[in-house]
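Structure first, commentary second.
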There are 2 protein chains.
Amino acid sequence: MLWVKAMKKVQMKERQQYLEKHSISELFSFPIEEYIEVHEYRRDEWIIREGMRPDYLYYVIEGKAKIYMTYQNGKVSLINFINARDYIGEMELLNEVYYTKGIQASTKTVCFAIPLHQCGKQMLEDIIFLRELTKFLSVKATQMAAKYSQSLAFPLENRLADFILQTADGDIYREKHVTVCDFLGVSYRHLLHVLAKLCEKGYLHKAGRQYRIEDRERLEQLAGVSRNGEEALIYRVIRNE
Amino acid sequence: MLWVKAMKKVQMKERQQYLEKHSISELFSFPIEEYIEVHEYRRDEWIIREGMRPDYLYYVIEGKAKIYMTYQNGKVSLINFINARDYIGEMELLNEVYYTKGIQASTKTVCFAIPLHQCGKQMLEDIIFLRELTKFLSVKATQMAAKYSQSLAFPLENRLADFILQTADGDIYREKHVTVCDFLGVSYRHLLHVLAKLCEKGYLHKAGRQYRIEDRERLEQLAGVSRNGEEALIYRVIRNE
DNA sequence: TCTAAAATATGAGATTTCTCATATTATTTT
DNA sequence: AAAATAATATGAGAAATCTCATATTTTAGA
């Protein structure tokens, strides 16, 4: 595999615009803006390579990404998703010993990148930052627990609908089936079967090796069912924040 | 239902012994020990009632507990487990708006209880404490994500074995089937079917309405299979800490 | 460019798990 | 103590999902 380093560092006026539009200065007690770089990644680009400690703490302001990890047996698993307003690299900032997972943009993704060598120490001593990060993590942990305990309850059709919406780039869905099976815990055979069903129903249209979302509303409906519990929870956790 | 308030506040010498055996003073930058109460709960006792903000931040030093929550439709769900060295009530400490879940001891459980009205503000301004809590939450969030993404892959037999080991009080397992179905996301019918299978195999013995663990090793083996991914992950995250 | 490996596809029988129907105990309430 | 409610049980057919076998198409690497 050939990897061209293609992350774009956004400069000047454009950088300034991002900083103004998504101000995060209230998340720190020291003037962070001057240190912040704005990084832009294209679809499929790696934001962090597995096993390599990152040099930045990232804060996602636009886009979506996926967390991958390779198991002892060589199998690569999709572990979770990252969305706007999530942190990337906080595990490495907090834990000296931590096996870094790979993170790959699944759409164009823009991040604030805070250089660790300049700000790392300061961040770990910044009460406001730590308090915010702790809140973020507490909500995330709770969500995951809820999602875990609830999601087992629904058949693949619902979970897959949710997955498609989460991973689609606009209206185009094109994940590797093998990866998806792994993440959703179903067999390859069954995944194809259910995908075919979604096409039959007219929610998706298969074009070559990618799928186009034809009826987003219905998909959301399907996905919604399987997210009910989680939503109720998040609603209660998040509201008024 | 009749609920006698029965939590025991451990005093004097016994309190002192707990404090010495499980010192947590290194988790704070101020002298916390003098404020700490030691609370002891019996099996099935509620440590926190759903919807009631707790007056303490708890740190579990012995025992196991379960987190429950009631959904809009009145259904009560087991959300997750709590073990020794976990915090209870950190969500309430961190988030002003948070719907408090119910927490029930599933074996005799001993906690350090740190009174919020005395220490809450101080804790939220304590760098060391916040940093530790953030680490704890980051690991927990990661574990949950891994567990979620992996555990779907195994049939009930494996997940149930894990569940039984997690919830058993000594060798006695006696969860309500309805609750378990809900947590594990399977039908009542199927749960009984698999429980019967475990009995047939001689791993469990059914005595009235409770089950005795007859072959812990085999159960652990079954559970281990379904926990492989997670374990690998935790190993990498936790080792050397 | 050719070849090997990876990814996609599809069929068919076997397992797992679900739904529904219906009894039989506990437990709680009146 | 009787009645109502919740929890436990069991059977049987249906749906979801898995395993295995095998074929075709892409993709990566020599």
Side-chain angles (χ1 to χ4, degrees), chain A residues 1-4 44 68 70 73-78 150-164 167 172-201 204-211 222 225-226, chain B residues 1-4 44 68 70 73-78 150-161 163-164 167 172-201 204-212 222 225-226:
Chain A
M1 218 184 305
L2 204 156
W3 278 109
V4 182
D44 291 339
Y68 287 99
T70 307
N73 58 14
K75 204 165 116 182
V76 175
S77 270
L78 172 55
Q150 286 300 116
S151 73
L152 295 163
F154 299 92
L156 181 60
E157 193 175 28
N158 302 288
R159 287 184 284 138
L160 179 58
D162 188 26
F163 181 89
I164 289 172
T167 51
I172 301 301
Y173 167 81
R174 47 176 153 176
E175 295 302 316
K176 289 233 170 79
H177 296 150
V178 180
T179 311
V180 179
C181 295
D182 189 33
F183 183 71
L184 296 179
V186 294
S187 68
Y188 189 94
R189 189 67 194 79
H190 192 51
L191 172 64
L192 287 231
H193 179 234
V194 174
L195 273 172
K197 201 160 80 180
L198 291 180
C199 290
E200 250 178 55
K201 287 184 177 174
L204 292 180
H205 176 79
K206 184 172 174 180
R209 45 190 42 222
Q210 66 188 35
Y211 294 77
L222 275 180
V225 173
S226 84
Chain B
M1 216 185 308
L2 202 156
W3 279 109
V4 182
D44 291 339
Y68 285 100
T70 308
N73 58 15
K75 204 163 116 181
V76 175
S77 270
L78 173 54
Q150 286 298 114
S151 72
L152 295 163
F154 299 92
L156 181 60
E157 193 175 27
N158 302 288
R159 287 183 284 138
L160 180 58
F163 181 87
I164 289 172
T167 51
I172 301 301
Y173 166 81
R174 47 175 154 176
E175 296 301 317
K176 288 235 170 79
H177 296 151
V178 179
T179 312
V180 180
C181 296
D182 189 32
F183 183 70
L184 295 178
V186 294
S187 69
Y188 189 94
R189 189 65 193 83
H190 191 52
L191 173 64
L192 287 230
H193 180 235
V194 174
L195 273 173
K197 201 159 80 180
L198 291 180
C199 290
E200 250 177 54
K201 288 185 176 174
L204 293 180
H205 175 80
K206 183 171 174 183
R209 45 190 45 220
Q210 66 188 36
Y211 294 76
R212 198 174 52 249
L222 275 180
V225 173
S226 82

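The figures here come from the full heavy-atom set of this structure, side chains too, leaving out hydrogens, waters and symmetry mates. A, B, ... follow the sequence lines: proteins, then strands. Residue 1 opens every chain. Keep in mind the model is a prediction, meaning the values are calculated, not measured.
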Practice problem: Please indicate whether Lys201(A) has more than 12 foreign heavy atoms, meaning atoms of other residues, nucleotides or ligands, lying under 6.0 Å from its NZ. | Solution: yes

Quiz prompt | Atom-pair distance (CG on Leu192(B); P on dA7(D)), nearest Å | solution = 14 Å

Exercise. Specify the separation, in whole Å, of atom CD of Gln210(B) and atom P of dA9(D).
Key: 12 Å

Quiz prompt | Nucleotide nearest Lys206(B) (side chain, heavy atoms from C-beta), chosen from dA16(D), dA9(D), dA7(D) | solution = dA9(D)

Practice problem: Could you pull out the closest heavy-atom pair between Tyr68(A) and Glu175(A), with the gap in Å? | Solution: OH-OE1, 4.3 Å

Exercise. Mind calculating the distance between CZ (Arg174(A)) and P (dT27(D)) to the nearest angstrom?
Key: 12 Å

Quiz item: Given atom CZ of Arg209(A) and atom C1' of dT25(D), what is their separation to the nearest angstrom?
Solution: 7 Å

Practice problem: In whole angstrom, give the distance that lies between atom CG of Leu195(A) and atom C1' of dT8(C). | Solution: 12 Å

Quiz prompt | Residue His190(B), side-chain atoms from C-beta onward, closest of dT8(C), dC18(C), dC18(D) | solution = dC18(C)

Self-check item: Among dC18(D), dT8(D), dT16(C), the nucleotide that comes nearest once only the side chain of Val178(B) is considered
Solution: dT8(D)

Quiz item: With sugar-phosphate meaning primed atoms plus P, OP1 and OP2, does His177(B) contact a base, only sugar-phosphate, or nothing at under 4.0 Å between heavy atoms?
Solution: sugar-phosphate

Quiz item: Which heavy atom of Cys181(A) sits nearest a heavy atom of Tyr188(A), and at what distance?
Solution: SG-CA, 3.3 Å

Self-check item: Residue Lys176(A), side-chain heavy atoms: nucleotide from dT19(C), dT10(C), dA7(C) that is nearest
Solution: dA7(C)

Exercise. Calculate the interatomic distance between Leu191(B) atom CG and dT19(C) atom C1'; express it in whole Å.
Key: 16 Å

Quiz item: Would you say Leu160(A) and Val186(A) make side-chain contact, with heavy atoms under 4.5 Å?
Solution: no

Quiz item: Which whole-number value in Å describes the distance from Glu157(B) CD to dT17(D) P?
Solution: 19 Å

Quiz item: Given side chains that start at C-beta, do those of Leu198(B) and Tyr173(B) come closer than 4.5 Å, heavy atoms only?
Solution: no

Exercise. Could you say whether Lys197(B) or Arg189(B) is positioned toward the 5' end of DNA chain C, judged by the nucleotide with the nearest heavy atom to each?
Key: Lys197(B)

Self-check item: Rounded distance (Å) that lies between atom C1' of dC18(D) and atom CG of Leu156(A)
Solution: 13 Å

